[in-house]
Each structure stands twice: as structure tokens, then as C-alpha cells.
Amino acid sequence: MVSRRDFLNFSAATIALTALPSQIQSKQLIRNYRLTAGITPHQFDAKGISDNLWLYNKQTPGPLIEAKENDVIRVKFVNNLHEATTIHWHGIKNINKMDGVPYLTQDPVQPGESFLYEFPVNHAGTFWYHAHVQTWKQISKGLYGPLVVKNHLDEQFDNDLIILADDWRLNKNYQIDKKSFGSLHDWSHAGRIGNWLTINGKKIPKYSINKNGHTRLRFINASNARILSFGSSLDGMKIISIDGMSVEPFIEDKFNLGPGQRIDLLIKTDDISTIDFFEVSGKKPISAFKLNINQNGKKNIRKKDINLQSFKKIPHYKNPRILKIHMQGGAMGNLAKAYFEGVEKNFRSLAIEDKKFWAFNKEVGKYEKSLASVKKGQTIILEVWNDSRWPHSMHLHGNHFYVESKEFSDTDKLVLRDTYLMQPGEKSKFTYIADNPGKWLFHCHMLEHAASGMIGYIEVL
Ligand code: C2O
Ligand code: CU
């Protein structure tokens, strides 16, 4: 257990955060995949008209990319769209040039072109991949999929299910509402909030698991902007992993999942026949998915408790470098003026001329906007202040950071995350060791906020 005290005392215990992506070794197992982005017809509802989604391998969500700890993932990517794109491997402590950020780590992959992504995965957990060009459009049209890295501890589970959730905005014909792409209202308020929840591409899917088995559920929020909140018919839900990092298990009645975030649950089934899961962020709970308990499943089920290695203590460090990030902007905010591409403008001109609404430290960001440059090996404390009237789901590429999370009922919980959901007015500290060289994006995962200024990078030299 990591207590608040351990965190504040910077306990002398040292552990590796996650191993560095090394050069690929000849004995590493290579997992080969092929992903093709293209346009695929899809019907959301029997009452509706068929729509064209942008998908990987014609699937929604894209195919599962799976590997074992210390394997190498190799993806031959082909772009059959009519616009440029890239793929980002969200949560993976990657080699910088494989991180998939356009202009910053690679040139966008043009229509008809291909790109070879190849990187080692040195830590088990629940991750996902998604397009990283005009994310507010490309992700909302379906360009994402799950990525799971396992290790020997995963063998203890009888069932392992991905619960990848998306919040689509459909029009009255049950097609993606394209008229509202780029809506100034969405960009300056909460982002593109949808009206059609899917789990693994479906409405209220049913899965079957074995009686008395141990089931791992891997929740992923692929929504543009909606903070999903999950509840269930269980007395409580046991959280065992957060953003791909195992934690000392704890129970919550419901949990929030900001865009980009992941949470894994352990479900131990007994005499009930069905478990219902709900999405409870709106006025009324809506049905999300169901687990049917197979009463006649195999009887070999283990009695033992599951053993999971949670992350330990924050590594010992000296002389942290403090980087302050003051987030401002949006509707009803206090951003009077900000710099964009070197020119200071008032909020109204930024909105009208540049469609920008958000800033870090009074500067409107973009992919190529440097926030700081730090020395390799240095401990960084990002002091982030959400000085706006909106929540933001803040994501750092290529690193997990320690943060005293206010997201759970224990409001001092120390967690290791790559995406942290900040409430309006919240101040928090993200602590990490900058041991991975390269240019690492830091942005809001509410995709409309990132597109309108809440983005930049930290370079590790
Ligand atoms: Cu899923 Cu730049 O992020
Ligand atoms: Cu945001």
C-alpha cells in the first residue's frame, strides 16, 4: 500500500517506473499485425440509414493488438483514407519516433502510403491505439482499437474481456452527425458530447463468463469528450488496475472514466445469473452491457485469490524540476488574451480568426509548441492548474506519472496514470522521471480542447 505519507516523504525505496524502451533484441518475440485505415459502411441501428465509418480493418473497434511483456509489436500500417493520418499507442512507454504524433515524431502518412510501426512493450496493462491527425474527426469516425499487454499474472484469470466504450453523436437518421464537426460551441465548452453509447461497437452487448471464475474487465474510454461513469448491479466493483498499472485492489460503487483513461475490474462470480452494467453520467442510468454467468461452466475453477503486483512507492529523487502549467480558456473562463504563433490576441479574435479557445501559460498550443525542455533522468513535477470552468482529461505521452488523485472516494489516493481527469479549479502535481528521450506531447484528451489550443510538448534531451 502506498500511503500519502510515503508519497510526501519521498520514501527511499526505489523501483523502476517502467523499463526503458531498449533497442530491440534479437530474442524478443515479434507480434506482427497489419492495420489498414479505410472507409467502411456501418449501420448503427436497424431503423437508421447506413453510414460510412473510418475504421481499421473494417472493424469497430479496430482489431485487438495483443502482446506479452517484453515482446515487440510490429504493425504494417496502410492508409486507404483520402486524408493523412498516423497511429498513436496510448499509454505505451514508447520509442519516441514510434509515438505517432504528426509533425512532431513523424510525417503524417499520406493517402495510399504505408508506415511500419515497431516498438517493444515492456509493461503489461490495458492500452489503446488511435489516429492522431485531426483526432476530433478521425477518432469520432471510428479510428481506434484496444491494445493489451499481458504477463504471467494474467494467467490467473478465467475470463478477460475488453470493454471499449464510445459516445457517438448520431443524427436522426442514425448516422454520425457531420454537420456539427468543428462546432465552435463544442470546442469552447465540454467538447463533442454524443448521444449513442456503444460497448465494443455494439448497443448493450452480452458476454458470458463462468460461475466462480475470476474475470478481468478492461474498460477503455474512446469518447471524444464524454466523461463516462460506470455503475453495476453488484454491491461494489473491485478496481485492480488504472491506466494499465496494477493497484492495490479497492472497491467503488461507481467510477469515472475520462476520455483516454482505462480501469480494470476483477469480477468474482458466485450465485447470481446476470450482472448489469450502467453508464450513469446522465440524468438516468443507461444500460451499457451485461454479463451472463454460465452456471454449467467448467468446474475446475480456482478458489485461491488472485495475486497482483501493484506498483510500489514513488522512486527516490532529488532536485525535481518544477514545470508550471496554468490552464485557462473556454466559455465562462478568465482568459482575456493569449499568444498564438507569437502574436498576442484577445479571446474574441482568437475565437473568430483562429478558432482557438484554450491556453497553457497564456500561450495557445499546437503539436509543434514546446512547453519545456528537460534533461534526461531528471525528476519532473508538472504543477497543473485547471483554472477554467470545465473538466479536462490531461494526457502525457510516453510516461506514466504519480498523482494524488481526487477521482475516487479516497480523495488522497496515489495513482500512477498517463491520463488524469481534473475538475474545474483543481491544482495537481504530476511527478515522473524524464528517462525517456524525445518529444512527448501533453494535451487534453477532450479532443476538441486539444484542437483549439490545449496541447504542447515536453522535450527530454
Ligand atoms: Cu490518446 Cu495524444 O493521445
Ligand atoms: Cu479539456
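These figures come from a predicted structure and were not determined experimentally. Order of listing sets the numbers, starting from 1, for every ligand and every atom in it.
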Here's one to test your reading of the geometry: is the NZ or CZ of [X] within 45 degrees of the ring axis of [Y] and under 6.0 Å from its centre?
| X | Y | value |
| --- | --- | --- |
| Arg192 | Phe181 | yes |
| Lys324 | Trp385 | no |
| Lys369 | Tyr457 | no |

message: Only N/O/S atoms count here: what is the atom of His449 closest to the Cu ion (ligand 2) called?
response: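 Answer by atom name: ND1.
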- request: Let me know which of Pro259, Ser223, Ser452 forms a side-chain contact (heavy atoms from CB on, under 4.5 Å) with Met446.
  value: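 Of the listed options, the one satisfying the test is Pro259.
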message: With carbon and hydrogen excluded and only N/O/S kept, which atom of His132 is nearest atom 2 (Cu) of ligand 1?
response: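 It is NE2 of His132.
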- prompt: Does His392 bring an N, O or S atom to under 2.8 Å of the Cu ion (ligand 2)?
  reply: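 So His392 counts as coordinating the Cu ion (ligand 2), yes.
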task: Output yes if His90 passes the N/O/S-under-2.8 Å test against atom 2 (Cu) of ligand 1; output no otherwise.
output: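 Coordinating: no.
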query: Does the shortest distance from atom 2 (Cu) of ligand 1 to an N/O/S atom of His397 fall below 2.8 Å?
result: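 An N, O or S atom of His397 is closer than 2.8 Å to atom 2 (Cu) of ligand 1, so yes.
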message: Taking CZ in Arg31 as the centre, count heavy atoms belonging to other residues, nucleotides or ligands within less than 6.0 Å. Is the count above 12?
response: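 Atom CZ in Arg31 is packed in, count exceeds 12.
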- prompt: Would His395 count as a contact for atom 1 (Cu) of ligand 1, in the sense that one of its N, O or S atoms lies under 2.8 Å from it?
  reply: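 For His395, the answer is no, given that no N, O or S atom comes within less than 2.8 Å of atom 1 (Cu) of ligand 1.
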- request: Please confirm if an N, O or S atom belonging to His130, backbone or side chain, lies less than 2.8 Å from atom 1 (Cu) of ligand 1.
  value: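 A backbone or side-chain N, O or S atom of His130 is under 2.8 Å from atom 1 (Cu) of ligand 1.
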field: Between His90 and Thr419, a side-chain donor and acceptor under 3.5 Å
entry: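 Checked: His90/Thr419 side chains pair up, N/O donor to acceptor below 3.5 Å.
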